[in-house]
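Quick notes on the structure that follows.
Numbers restart at 1 for each chain; the letters A, B, ... are given by sequence-line order, proteins then strands. Every heavy atom of this structure was used, including side-chain atoms; hydrogens, water molecules and symmetry mates were not.
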There are 2 protein chains.
Amino acid sequence: MAIERSKSDLTRTRILDAAARTFRQKGYAATTLNEIARAADMQAGSLYYHFGSKDELLEEVLDIGANKVNDAVRESQERLPPDASHRDRIRAAVDAHLTMLLKHCDYTSANISIFAQIPEEIQRRHLPKRDALAAQWRRILTRAQKAGALRDDVDLSMVRMLLLGALNWSVEWYKPGKTSIPAMADHICLMLLDGIGTENADGRRAEDREAEMV
Amino acid sequence: MAIERSKSDLTRTRILDAAARTFRQKGYAATTLNEIARAADMQAGSLYYHFGSKDELLEEVLDIGANKVNDAVRESQERLPPDASHRDRIRAAVDAHLTMLLKHCDYTSANISIFAQIPEEIQRRHLPKRDALAAQWRRILTRAQKAGALRDDVDLSMVRMLLLGALNWSVEWYKPGKTSIPAMADHICLMLLDGIGTENADGRRAEDREAEMV
DNA sequence: CGGAAATTCTAACGCTCATTCGAAAATTAT
DNA sequence: ATAATTTTCGAATGAGCGTTAGAATTTCCG
């Protein structure tokens, strides 16, 4: 699927890579076609042989980013054994989401960080892709709750928003090398599922907490 | 402190309000002085009687936003009785942070949402204010951990980043009327401190989970 | 009311940007 | 190699931007 055929396709990809990286760093409006062209080793006018406009370039970057994280999360679930625990399912999705966001992909992080500040019409056209990812997460969490792995007195859509917030916001502070993605995934799952408090708010889990102390 | 004196001060505030709102909606680079002026009922050129440049206007909006959330969180702690539980302290800080972000203040949400995409030099000049807020949260969490209210095997700076991520990301999805801020604060504290997983739902023991942590 | 000061308007400037287009160069096919 | 085609270049265009400065207006104060 990702096999480049012609030389033209390679150049297209080079331009898209440059655009994704620059959009992520500077934002959409502040990025000039000159910067993108320079990062792709060509002149600004030459971009128009491959793309019709700056907006068109943006839309393609957004789509690629959304597809990558969608695919990563979906594959993380397909890769699990059928009898995997819901904790493992959530943990795998968190890991896949974070890895795609922070390690592999300027497209994904560009999508996340510039989306709020692009022209409205492009936002609207891109919404279905966002909804697809939301639907994946909704399904993972709903299944876990129905199976009894998540408390049934919580608002799952709010949990989902807060969880995705913790994940997505990492593009604002993550520095490669300083933090490990598996450690992030562990902390997220620990907070989400077990909590990091030791106080006994409702008397539910005193024994577990003692067992967890190191 | 917030008392307006002259008519000029009122106009200044009107301009700042308009700028904060527009920056938040469209981003910094995509916002024109014409839009700000129109939203403040004047002509673009007139803005220069009150502000030296677009950058100067931005810096003032950023500072006001940072101050507001800093003050809100600090006051939320001062308002608590000296013997308040650490759960209550965290809950109060979460509530104050969210309320300022979502309810009271375009300045705060503008600060959060455009910061990554403003000129580098302005970012750098504004960093101390960001650090002040981070320091407040660090103190709240560290005290809770030292008092034994938080597990001592978690990386508090990572917890802080993830928690602030869940809070800050809400500017991207929160719609007034559709969600209640206290309910959000409740869910955050529940997840953070207790977790929403059910006890041994997947048949695994606490020690097993511990083994995965590193 | 009348003059001074404060504030806003208006029109213009220079600059940068996205975009266009015909010529040049590079690549491919014959 | 030569012709045909694809790709890139480079200069030009026009629109819109932040910004400026003087004229026009409003506000303030005696």
When rounded to whole Å, the CG to P distance for the pair Asp55(B) and dG18(D) reads 11 Å
Interatomic distance, Leu47(B) CG vs dC17(D) P [rounded to whole Å]:
14 Å
Residue Ser46(B), side-chain atoms from C-beta onward, closest of dG10(D), dT8(D), dC9(C):
dC9(C)
To the side chain of Tyr49(A), which of dA18(C), dT8(C), dT8(D) is closest?
dT8(D)
Just how far, in rounded Å, is P of dT7(C) from CG of Leu10(B)?
11 Å
Measure from the side-chain heavy atoms of Lys54(B) and tell me the nearest of dT19(D), dT8(C), dT19(C).
dT19(D)
To the nearest 0.5 Å, tell me how far Arg151(A) CZ sits from Leu190(B) CG.
4.5 Å
Rounded to whole angstrom units, what separation is found between the CZ atom of Phe51(B) and the C1' atom of dG18(D)?
16 Å
Would you mind telling me which of dG10(D), dC9(C), dG18(D) lies closest to the side-chain atoms of Gln43(A)?
dG10(D)
Whole Å only: how far is the CG atom of Asn34(B) from the P atom of dC17(D)?
7 Å
Please test Leu62(B) against Arg125(B) for side chain to side chain contact (heavy atoms under 4.5 Å, CB included), starting from the C-alpha separation and ending with a verdict.
CA-CA 11 Å; Leu62(B) 289 179; Arg125(B) 221 195 329 276; over 6 Å; no
Between His50(B) and dT8(C), is there a side-chain N or O to OP1/OP2 distance below 4.0 Å?
yes
Rounding to a whole Å, what distance do you find between Asp41(A):CG and dT7(D):P?
17 Å
Classify the ring geometry between His126(B) and Phe115(B) as parallel (under 30°), tilted (30 to 60°) or perpendicular (over 60°).
tilted
How about Asp17(B) and Tyr107(B): does a side-chain donor come under 3.5 Å of a side-chain acceptor?
yes
What integer distance in Å separates Tyr48(B):OH from dT10(C):C1'?
15 Å
Whole-Å distance, Met42(B) CE to dT19(D) C1', equals 15 Å
